[in-house]
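Okay, structure first, notes after.
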Amino acid sequence: MKKSHPLRRIVLAGAATVSGIVLLLTLKPSSDPAAASAEGTPQGQQSVAPQGSGGVQAAGGGDQTLTGDVVKTEYGNVQVRITVSGGKITSAAAVQAPTGGRSTEVSTNAVPKLNQAATAAGSADIDAVSGATYTSGGYKKSLQSALDKAGSSSATGGGSGGTTGGGSADASGSTGGSTGGSTGGSTGGGAAQAKTLTGTVVETDYGPVQVRITVAGGKITKAEAVQSPSGGRSSQISGDAVPKLNQAAVAAGSADIDAVSGATYTSGGYKKSLQSALDQAGG
C-alpha cells in the first residue's frame with residue numbers, strides 16, 4: 001500500500017479531529033453556579049428591611065388624659081384623673097371624692113395634698129393624708145388603675161381613658177392639682193393641639209381662687225380649680241360651687257358664666273382666673 005493511499009489520509013484526518021475536540025473540552029472554563037455565588041455575584045436576591053415589633057409609639061411624647069376606676073369607700077366614691085406626658089404624671093385631680101357634712105371638709109383638705117403627692121411621686125406609691133384614711137386609700141386605687149391604662153395603651157393622639165372634661169368634678173376636683181404655670185401639650189399627632197393653661201391667682205375675701213383649663217381646637221375641654229377658699233363654711237361652699245363653675249366654663253367655652261348662688265366671691269374669683277387662662281390661650 002502506498003503512503004498516499006486515500007484511506008490512510010481519512011484515518012489520519014479523523015484522529016486529528018478527535019484530538020482537537022478533546023483539547024477544546026480540556027480548556028473550557030467552569031461555569032458552576034456555586035462558584036459564581038462564592039464570588040459574591042447576586043443570584044436575583046432582594047434585600048428586605050427588618051420589620052418592627054408592631055408597637056405604636058407616642059409621636060413626640062404626646063399627652064394622655066386617663067381616668068381611673070371609681071373606687072367605693074365607706075364615705076363615698078373616689079375617682080382620679082391624670083395627665084401623663086413623656087412617661088410622667090403632669091397633673092392629677094379627683095373627679096369624685098366623698099362630700100356632705102364632715103366629708104366635704106375632709107376631701108377639701110386631703111385631695112389637693114394627694115394630687116400634689118401623685119404628681120411628685122409619679123406613681124400610686126404615696127402616703128395617706130392624716131384624717132382621710134378612706135379617701136386616701138380610694139384615691140391610690142383609682143390612681144393606680146389610671147396608671148395601668150397609661151401603661152397598656154398606645155399613646156396615639158390624646159390617649160384613652162374616658163376624659164370627662166370637668167363635667168363630673170366635685171369638691172375634690174375644685175381644689176385638685178398643683179399650681180404650676182401654664183404648660184402646652186400637643187396631642188400626639190392630632191390636627192388640633194391641646195394646651196393646659198393655668199390662670200392667675202385671684203385673692204378674694206375668703207381665700208385665693210385659681211383655675212386651670214385644657215383647650216383643644218379652640219374649645220375648653222376641661223376646667224378645674226387648683227385653688228379655692230377652704231376651711232369651715234368656705235370648704236362646703238367651694239365643694240358645692242366649684243363643680244358647677246367647672247361645668248359652666250366647659251359648656252360656655254368662655255369666662256362669661258353665671259355666679260353660683262351663695263358663692264359670689266368664689267364665683268367672681270373663678271371667672272377672673274378663668275379669663276386670665278383664656279387670655280394665655282389666645283396669646
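For reference, positions follow the sequence shown, starting with 1.
Among pairs with a residue in residues 113-135, none fulfils salt bridge (Lys or Arg N to Asp or Glu O under 4.0 Å), at least two apart in sequence or across chains. Every pair tested for ring pair (Phe, Tyr, Trp, His ring centres under 6.0 Å) that includes a residue from residues 77-102 fails, sequence neighbours excluded, so the list is empty.
How far OG1 of T135 is from CD of Q96: 12.0 Å, rounded to the nearest 0.5 Å. The OG atom of S230 lies 13.5 Å from the CD atom of Q236; values are rounded to the nearest 0.5 Å. For the atom pair OG (S142) and CG (L114), the distance works out to 11.5 Å, reported to the nearest 0.5 Å.
Shown here are the salt bridge (Lys or Arg N to Asp or Glu O under 4.0 Å) partners of R102, two or more places apart in sequence or in another chain: E105. For S276, the side chain to side chain donor-acceptor pair (under 3.5 Å) test picks out T200, with sequence neighbours left out.
Nearest heavy atom pair, residue A97 against residue V111, reads CB-CG2, 4.1 Å. Here the closest heavy-atom approach between residue L274 and residue I257 is recorded as CD2-CD1, 4.3 Å. Between A132 and S136 the shortest heavy-atom distance is O-OG, 2.7 Å. Considering all non-hydrogen atoms of both residues, I82 and A92 come closest at CG2-CB, 4.0 Å. Closest approach of T73 and P98 over heavy atoms only: OG1-CG, 4.1 Å. Among all heavy-atom pairs drawn from I89 and S123, the shortest one is CD1-N, 3.9 Å.
Side-chain atoms of D63 and S85 form a donor-acceptor pair, as typed in the model, at a separation below 3.5 Å.
At least one donor-acceptor pair under 3.5 Å links the side chain of T221 to the backbone N or O of T214. Between the S238 side chain and the P229 main chain, a donor and an acceptor come within less than 3.5 Å of each other.
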Should E224 and V211 be marked as a side-chain contact (heavy atoms from CB on, under 4.5 Å) after you check the CA-CA gap, both sets of side-chain angles, and the distance that decides it?
CA-CA 6 Å; E224 57 188 333; V211 179; over 6 Å; no
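Looking at K222 and T83, their side chains come closer than 4.5 Å, going by heavy atoms from C-beta outward. Here the side chains of T196 and R212 are in contact, with some heavy-atom distance below 4.5 Å. Between Q210 and V202, the closest side-chain pair of non-hydrogen atoms is not below 4.5 Å. Side-chain atoms of L66 and V84, non-hydrogen and from C-beta on, do get closer than 4.5 Å to each other. Side-chain contact check for K72 versus N77: some heavy-atom pair is nearer than 4.5 Å. V209 is not listed as a side-chain neighbour of Q227, based on a closest heavy-atom distance of 4.5 Å or more. Using a 4.5 Å cut-off on side-chain heavy atoms (C-beta onward), K149 and D69 make contact.
Think of V71 as one node in a network of Ile, Leu, Val, Met, Phe, Trp and Tyr side chains linked at under 4.5 Å; it has no links at all. Chaining together hydrophobic side chains whose heavy atoms lie under 4.5 Å apart places Y134 alongside Y75.
In the hydrophobic clustering of this structure, V80 groups with L147; members are Ile, Leu, Val, Met, Phe, Trp, Tyr whose side-chain heavy atoms approach within less than 4.5 Å, directly or through other members. V106 and Y139 end up in different hydrophobic clusters when Ile, Leu, Val, Met, Phe, Trp and Tyr side chains are linked at under 4.5 Å. By the criterion of side-chain heavy atoms lying less than 4.5 angstrom apart, applied directly or through intervening Ile, Leu, Val, Met, Phe, Trp or Tyr residues, V260 is grouped together with I213 in one hydrophobic cluster.
Within a 6.0 Å radius of CD in Q144, other residues, nucleotides and ligands contribute more than 12 heavy atoms.
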